[in-house]
Every structure is written in structure tokens, then in C-alpha cells.
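One structure below.
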There are 2 protein chains.
Amino acid sequence: MRTLKYALLGLINRQSMSGYDITREFNNNKLANFWHAKHSQVYPELNRLTEEGLITCELVNLTDKFEKKMYTITDAGKKEFAAWLSEDEPLAPTPKDVFRLRMYFCENMTPQELSQHLDNAVLQHEKSLAKLMHIMSDTYGNVPPEICTQAYGDYMVLEGAILREKSYLEWLHKCLDRM
Amino acid sequence: MRTLKYALLGLINRQSMSGYDITREFNNNKLANFWHAKHSQVYPELNRLTEEGLITCELVNLTDKFEKKMYTITDAGKKEFAAWLSEDEPLAPTPKDVFRLRMYFCENMTPQELSQHLDNAVLQHEKSLAKLMHIMSDTYGNVPPEICTQAYGDYMVLEGAILREKSYLEWLHKCLDRM
DNA sequence: GGAGCCATGTAACATGTTACATGATTAT
DNA sequence: ATAATCATGTAACATGTTACATGGCTCC
């Protein structure tokens, strides 16, 4: 389905970006809550999109010797991206989760081991939730931006990530309550 | 990390199984709520585990001409599986989600298009939730089995899947309420 | 001068999907 | 007979990770 392709087109559609900028978005920013890619995957894909005429590349001189490659979306790129956005795709298969896999095999654990795993997961997800909620209140003060804006996209997925973490914690606590 | 390896070892540890049986677990049964694999991935991995001495293979004749391969875990396999089970792994990166990616780019949608996407997702997740809750009440009558049993592992991940779907729906409804 | 970040790329490997291939059994 | 399911495999391809490789800039 080449989802990475559309992630890149969507980002470059927001504004011209370099491969490094895109990688940073994937690893540090809001996108990390539902998509990610390493630079080793991003750079080849940018070259491919350029060959396909969906983006163009411009060399920008930062200093005499030091350049960066800024990518801009083309009309063809905008068209393909818009077509993908409007697609009505089927429900994705449930995401893989190694922790759930371990829990599934709890018949091989003592109650002590089981609750230790659960406790550890609680700590990890509480930390992750706290971080997300901090970003939320810092950025939006919990007030949603106007719908169908760039900020609203950011807000929606952040809200979704918070609910996801809360739900994971709810599950872990239900399991712990039965111990 | 070779997670598939441990998924297979865990299943074969429960009882001797064929590659076909395992594939069926992955695609039809409770495992589908957090792990899955196609037969084209399962069969080579079974051969690899056999070579590594973690499982053994026995040909069982169903009829004169028709055989199936039943795999059984070895002591070495049990040991490796137990070691993996007790590992305390770091928080996994958030799972990729194409729907959230689309929502992230909502600045390119009209409110009509956005709410249409949300409505469609609601239908899909409601269907999925209904199915899970049906399995839950049918199998357990909502009464959790004794902890650290095979049935309890099944129950835990099913409960987790239900909470996950409920949380996804809560997010979608929050988004729709703002439209 | 060294640490950390900016910036771009490739190679080898691991994982996962789709398609190709075959053949028996069971229920209608 | 024919469709669905049981049963096992391989080949080609797509996706994603880790490691290798290079070099400049900025702050301390």
C-alpha cells in the first residue's frame, strides 16, 4: 500500500522539508504517536518520489560547503495524495503487541511473575501518558483548535494517543485488581 | 527479537500442533487480537525451530497417503521460552495506524469528508467490538477464570481487545461530537 | 578538542505479504 | 462434480531495522 509514500507526501504538502526534517517529525513529534520511520527508510523513499515526479528537490546552501535538500510537492503529488486521503479503507488488522503475547502465555508464570510484568507495564504507560498529557495542556490548554486545520489534525491524534494510553492502563489495572 | 519464534514455542508448549493448526490460531482465534502470521511465514519458521532443536517433528498419518506434521516442544525449547517469558522488555513504539495518519492530514478535507471517514470507522469498530463482546459473554459469561491458567491468558487478552476497541470508539465519538 | 546535533546516504539483514504450486478430504 | 477446507511448501516482493560511512556546525 506504500503508506510511507503518503506520509511523506502529506508532510511535504504541509511545507517544504528535508529528509532530516521528516525523520525528526517521525521520531520526536506528534507523528510518533501513530507512525514512524528511520532515516534509512526516508531517504530512499524521497528519491523514489522524486523519480516518480511527485516531489521536486532543491539544493539549499546553508554555508559555502554545506547543503540540504528541500523537497516540495508537485501538482501530480498533490493529486495522488488527495486521492489517497479520500479512500475509504477497510479496518486494519489489530496491531501486534509483544506484551499481550506474553500475557497470553501467563499459564507459565507464577502470580508473582505475572503481577511484576503488569506493574512494570503500568509504570511505562503512566510515564508515556503523563508526557502526552503534558504536551496536550502545554500546546492546547485542552481546548481543541478549529476543525479541519493543521492544528486540529495534531490535536486529534494527540487526543487519540492519550485515550489509547488510558485504555491500556485501565486494562492493566483490571488485571492487577484480580491478583 | 524473533517474536514469531516465541509465539510458536508458546503455542506448541500448550499442546502439539501442526503448522496448519498454528496458522488457524493466528487467523481465526484469540491470538488475532494481538498477533498474526500467514502460513508462508509459519512453515519456514517451524523448520528453523526444528533445526535449532527447540521443537521436534512427527509425521502422523491421517490416511494412507495423507500426512500431517505434528510439532512438539523439546526441553531446550521450553527453557528458551521460559527465559523469554520472564524478560522485562522496554515499552514498544506506538503501533502504526493508517487511519490516524489520514486524520492527521485533515487540513486537506472538508468537514463533510472528515465526518464521513469518522462515521465509517465507527461502523467498523462497532462491528469489531460487538464480535469481541459476543465471544466474551459466550465463553466466560464475563466471569474471569482462575489466574495463571491457560483460560486466563485467553481471557486477559480478550478483555484487553475489548477495552482497546471501546477506547478507539470513544476517540471517534469525541471527534464526531465536535463536528 | 569533544559532545551533540545537523545532514545524507548505502548495505546487510529481518520481517511480513502476495502469488505461485500442489494435492487430499469432506460436505453438498 | 464442485466448493470449501485441510495440509504443506516456495519465490518474489515490500517493508522495516541495524550497522556502516561520511562530514559539517555549534556550543562548552
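Closest-nucleotide positions on DNA chain D for A:E45 and B:S18 were compared, and the one nearer the 5' end corresponds to B:S18. Comparing B:N47 and B:Y20 by the nucleotide of DNA chain D that holds the closest heavy atom to each, the one mapping nearer the 5' end is B:Y20.
Residue A:R48 contributes atom CZ, which lies 11 Å from atom C1' of D:dC13 at whole-angstrom precision. Protein atom CE of B:M1 is 18 Å distant from nucleotide atom P of C:dC13, rounded to whole Å. Residue B:N27 contributes atom CG, which lies 12 Å from atom P of D:dC6 at whole-angstrom precision. Between A:L59 atom CG and C:dC6 atom C1' the separation is 16 Å, expressed in whole Å. The distance from atom CD1 of B:I22 to atom C1' of D:dC6 is 15 Å, rounded to the nearest whole Å. Look at NZ on B:K68: it is 8 Å from C1' on D:dA7, rounded to the nearest Å. When the C1' atom of D:dC25 is taken as reference, atom CD of A:E67 falls 15 Å away, rounded to whole Å. Distance OH (A:Y43) to C1' (D:dG16): 17 Å, rounded to an integer number of Å.
Residues A:L59 and A:K69 come closest through the heavy atom pair CD2-CG, 3.8 Å.
For the pair A:R14 and B:Y104, the cation sits on the ring face: its NZ or CZ lies under 6.0 Å from the ring centre, inside 45° of the axis. For the pair A:R178 and B:Y152, the cation-pi test (distance below 6.0 Å, angle within 45°) is failed.
Not counting sequence neighbours, the partners of B:K68 by the salt bridge (charged side-chain N to carboxylate O under 4.0 Å, His left out) test are B:D21.
Within the structure, side-chain hydrogen bond (donor to acceptor under 3.5 Å, both in side chains) pairs that include any residue of residues 31-40 of chain A do not occur (at least two apart or interchain).
A ring-centre distance under 6.0 Å is not found for A:F105 and B:Y6.
Between B:K69 and D:dG9, a side-chain N or O to OP1/OP2 separation shorter than 4.0 Å is present.
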Could you go over nucleotides 17-20 of chain C and give all protein N or O partners under 3.5 Å, atom names and distances?
{"unit_1": "C:dT18", "atom_1": "OP2", "unit_2": "B:K38", "atom_2": "NZ", "d": "3.3"}
{"unit_1": "C:dT18", "atom_1": "O4", "unit_2": "B:S40", "atom_2": "OG", "d": "2.7"}

